[in-house]
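To keep things clear, I will list the structure first and then write my remarks on it.
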Amino acid sequence: MTLALAIFSLIAHCAAVPAGAGNGDALVKNAGDWKAAFNKADEFVSQLNLTEKINMVTGTLGFSSGCIGNIVPIERLGFQGICLLDGPQAINRADLVSIFPSGLTVAATWDKDMMFQRGKALGEEFRGKGAHVMLGPVAGPLGRHALGGRNWEGFSPDPYLTGRAMEGTIKGIQSVGVQACAKHYIGNEQETQRSNTVTADGAEIDAISSNIDDRTLHELYLWPFADAVRAGVASFMCSYNRLNQTYACENEAILKDILRDELGFKGYVMSDWFATHSGAKSINAGLDLNMPGVLDTASLETGASYWGANITEYLNDGTVFQQRLDDMVRKIMAPYYLLGQDSSDYPTVDPSLPFSMAASSGVSVGSNISSRDVRGDHAALIRQLASEGTVLLKNSNSTLPLRFPKSIGIFGNDAADPTHGLTYGGEAYEIGTIDIGGGSGTGRHAYLVSPLEAVRAQATKLGARLQHIIHNKALAADDFLGLYPVPEVCLVFLGTFASEGWDRAEYEADWNSTLVVENVAKRCQNTVVITHSAGITTMPWADNENVTAIIAAHLPGQESGNSIVDILWGNVNPSAKLPYSIPINETDYDIPIVNLTEAEVTSPDSWQADFTEGQFIDYRHLDAYSIDPLYEFGFGLSYTTFELQSQLRVDKLVKDPAARPSKAETSTPGGNDMLWETIARVRSRVTNTGPVAGGTVPQLYVSFPQSGVPTGTPLQVLRGFEKVFLEPGQSADVAFELRRRDVSFWDVEVQDWVIPTGSFEFRLGFSSRDIKKTVNVVVRAY
């Protein structure tokens, strides 16, 4: 265990109806169906000897290959092995790859086609490097804690929005023949004590236990993972933490009862790296692949693993059956065949990967092997994604878009090129723009366009004067000696870094951000604040009258500066919406991260996180307690205006639905087929009433009947959204299809989804607090 933890530390905690989406459906289906894939997998298994079967389920750490994990080749069968690579935003540790906008950024686009296109582009790069499995996308953490260190890797604390993002991303990745891996399953909501630790005197302390009740699990944290299964995801990654006192990777209730039996998942479950804590127990609970089960291929034949050579002992003593071992291998191989990875034209692993991996671990190596450039034309997509994921929060006096300022000032250490190079580790560096977080989800930039660089190019083009003070220490100390005259517009860039391995400590942006804004604003009456943030940040300066505009640019990827220039000068009309809420005070929002002192750890299982808030996180919490946010979930301004110009129309496609779905056998992944049946359609019409072309996102919220649902039901939940782009004066019809699951609650007594009888209120607007149209519909479920 000590060796594993040491190596784990060394490798920076590794692992851890749009046209595009429709094309993804077709491409995945053309790759072959599950039945045919399992037939091929069965034939493959029948040719394996026992040692080969054990090697198939016991993954290795891929230092020699450059993959973060491997299933070793079987040369006599022509099987070249399986290469697994991090992560959800970029190919970590690889050279000549793209740095894409984060999951948080793509969620802010509220654009299902963009979600698919980003997934497809990521898949193309992973395939180009020879990877078979992309370790992403992320639905855990969902975002229970605003200060969670990995929230930026996922999408939104709303399960519906995250579910649609998971669906689109997975279909995009797998449309090009790369396996997606839905992670981290489940309850992985904080980094602090996420895994077991060992004290100085050698005592092992268990990972934190996320204690989640059955209804909250189903309606909140499991919801987007069900969308992942429905999308046909190839694999799942179980998380480090315990769930209700049992480690996730040996938890039969979630791996078998829920994932297999309830959701009908057909692929395989791998462990997070070093998240396996048992042998026969984890195998029988439903874990199919132990990653890395051994550190190198030489140790496959030794007992240096819970699995590996020990599986022979489990088979001999009857604690594991041969049928189970065979089934593990067939589940691993079925997606391989499903996505055509046995094809002779599937790319080999880029031979430069071992050298770039070593460099990322701090090992200086030389190599004359050129890296395979897999970036293609993705820079244009990244720039578009980043712009469409940038939220305009404030725009007093129509400050933006900028017209023709002749004097521009840039302030803040987030504006500049990073002084420590272009690859982030597990810490934030003081000077440098933040476009991605740290840990296994980060990447090695081939280039990074900083805001300072892009604004300077724009100023030169326009013949404008540019001044800058980028050191926050100077700005916080009120040192503006180098500034004269005061610029017409002052652009302040604030950064908030986060990384796998630790949680954020403060809600405000990093590096004395409040003092920086206040000191600039008292000199400049036209101050525009741009935040690059890995999560939710409070904005105590938002009401400052000299702060005339606020932009949340999230983590935009390598085209950061270009994308923000597009927004500032109006080349792109902002259309993004917040995928979370921004509170006025952190106490309005905060669910504290569990962080025990040494004295408080009195037993191995001292670390407990009780999810007593149930479903009341983010806007659900604010709604329940009538708390006004600074900027609400779904909010975002534009350079034009939009109106909903017709009443809501609700078409009942099923007049009197059964309260519960029938118990017919499911024929496709995702659980009972009836849960995915469309039973109603809500329609309206949106018009661009302003002067310029732009996009908006009508959002549908559903309020369940006040009677007939259990205590703890949110006042409203998101159940539909559509991104619509319109020319001035143009109108478009919007429709939201409601599936049975969307209007059901999880009944813990009958262990099923139930539609309550009563009056549903359908609420359509431009944010969770900006509801424009409502309609009540009485449903009589029998």
Residues [X] and [Y] bridged, charged N to O under 4.0 Å:
X: D86; Y: R93; value: yes
X: R194; Y: E191; value: yes
X: D327; Y: R330; value: yes
X: D288; Y: R260; value: yes
X: K171; Y: E167; value: yes
X: R444; Y: D95; value: no

Taking all non-hydrogen atoms of both residues, which atom of [X] and which atom of [Y] are closest, and how far apart?
X: Y240; Y: S195; answer: CD2-OG, 3.8 Å
X: M166; Y: A182; answer: CE-CB, 3.9 Å
X: L220; Y: P159; answer: O-CB, 3.4 Å
X: N241; Y: I208; answer: CB-O, 3.5 Å
X: V178; Y: F126; answer: CG1-CB, 4.2 Å
X: I591; Y: H145; answer: O-ND1, 2.8 Å

Report yes or no: do [X] and [Y] form a side-chain donor-acceptor pair below 3.5 Å?
X: T199; Y: D201; answer: yes
X: D214; Y: Q751; answer: yes
X: Q190; Y: D503; answer: no
X: W307; Y: S282; answer: yes
X: E262; Y: H218; answer: yes
X: Q179; Y: S235; answer: no
X: Q608; Y: N211; answer: yes
X: T668; Y: D673; answer: yes
X: N284; Y: E250; answer: no
X: Q193; Y: T197; answer: yes

Check for a donor-acceptor pair, side chain of [X] on one end and backbone N or O of [Y] on the other, with a separation under 3.5 Å.
X: W152; Y: S102; answer: no
X: K53; Y: D326; answer: no
X: E204; Y: N196; answer: no
X: S209; Y: Q245; answer: yes
X: N310; Y: S305; answer: yes
X: N70; Y: S65; answer: no
X: T442; Y: G439; answer: no
X: D747; Y: V750; answer: yes
X: E313; Y: A309; answer: no
X: T60; Y: V294; answer: no

Is any side-chain heavy atom of [Y] closer than 4.5 Å to one of [X]?
X: I258; Y: F225; result: no
X: V594; Y: T192; result: no
X: K266; Y: F38; result: yes
X: L315; Y: L50; result: yes
X: L85; Y: C67; result: yes
X: L263; Y: L222; result: yes
X: N92; Y: L135; result: no
X: L77; Y: L48; result: yes

Return the [atom1] to [atom2] distance between [X] and [Y], rounded to the nearest 0.5 Å.
X: K281; Y: T319; atom1: NZ; atom2: OG1; result: 13.5 Å
X: I369; Y: S356; atom1: CD1; atom2: OG; result: 10.5 Å
X: E153; Y: I436; atom1: CD; atom2: CD1; result: 8.5 Å
X: N49; Y: N55; atom1: CG; atom2: CG; result: 8.5 Å
X: I91; Y: I68; atom1: CD1; atom2: CD1; result: 13.0 Å
X: F265; Y: L255; atom1: CZ; atom2: CG; result: 10.5 Å

Under 6.0 Å between ring centres, would you say that holds for F44 and Y336?
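Ring-ring flag for F44/Y336: false, centres at least 6.0 Å apart.
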
Please indicate whether Q322 has more than 12 foreign heavy atoms, meaning atoms of other residues, nucleotides or ligands, lying under 6.0 Å from its CD.
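Yes, CD of Q322 has more than 12 neighbouring heavy atoms, counting only those of other groups under 6.0 Å.
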
Surrounding CD of E598 (heavy atoms of other residues, nucleotides or ligands, distance under 6.0 Å), is the total greater than 12?
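Not buried by this count: 12 neighbours or fewer within 6.0 Å.
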
Member of W746, F611, Y185 meeting the ring-ring contact (aromatic ring centres under 6.0 Å, His included) criterion with Y221:
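Answer to the ring-ring contact (aromatic ring centres under 6.0 Å, His included) test with Y221 among W746, F611, Y185: F611.
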
Is there a side chain to side chain contact (heavy atoms under 4.5 Å, CB included) between I283 and I311? Walk through the geometry before answering.
CA-CA 9 Å; I283 291 172; I311 294 179; 4.2 Å; yes

Would you please test C249 and M291 for side chain to side chain contact (heavy atoms under 4.5 Å, CB included) and show each step?
CA-CA 11 Å; C249 291; M291 287 302 304; over 6 Å; no

Hey, could you give me each pair passing salt bridge (Lys or Arg N to Asp or Glu O under 4.0 Å) that has a residue in residues 339-348? Not counting sequence neighbours.
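For residues 339-348: K40-D342.
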
Determine whether Q174 and L339 satisfy the following criterion, side chain to side chain contact (heavy atoms under 4.5 Å, CB included), listing intermediate values before the conclusion.
CA-CA 7 Å; Q174 297 192 171; L339 297 174; 4.1 Å; yes

Derivation of the side chain to side chain contact (heavy atoms under 4.5 Å, CB included) call for V374 and D350
CA-CA 10 Å; V374 297; D350 184 345; 6.0 Å; no

Parallel under 30°, tilted from 30 to 60°, perpendicular over 60°: which one fits the rings of H277 and Y247?
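Rings of H277 and Y247: parallel, as their planes differ by under 30°.
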
Check for me whether R242 meets the cation-pi criterion with W607, that is, NZ or CZ under 6.0 Å from the six-membered ring centre and within 45 degrees of the ring axis.
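Checked: cation-pi criterion not met.
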
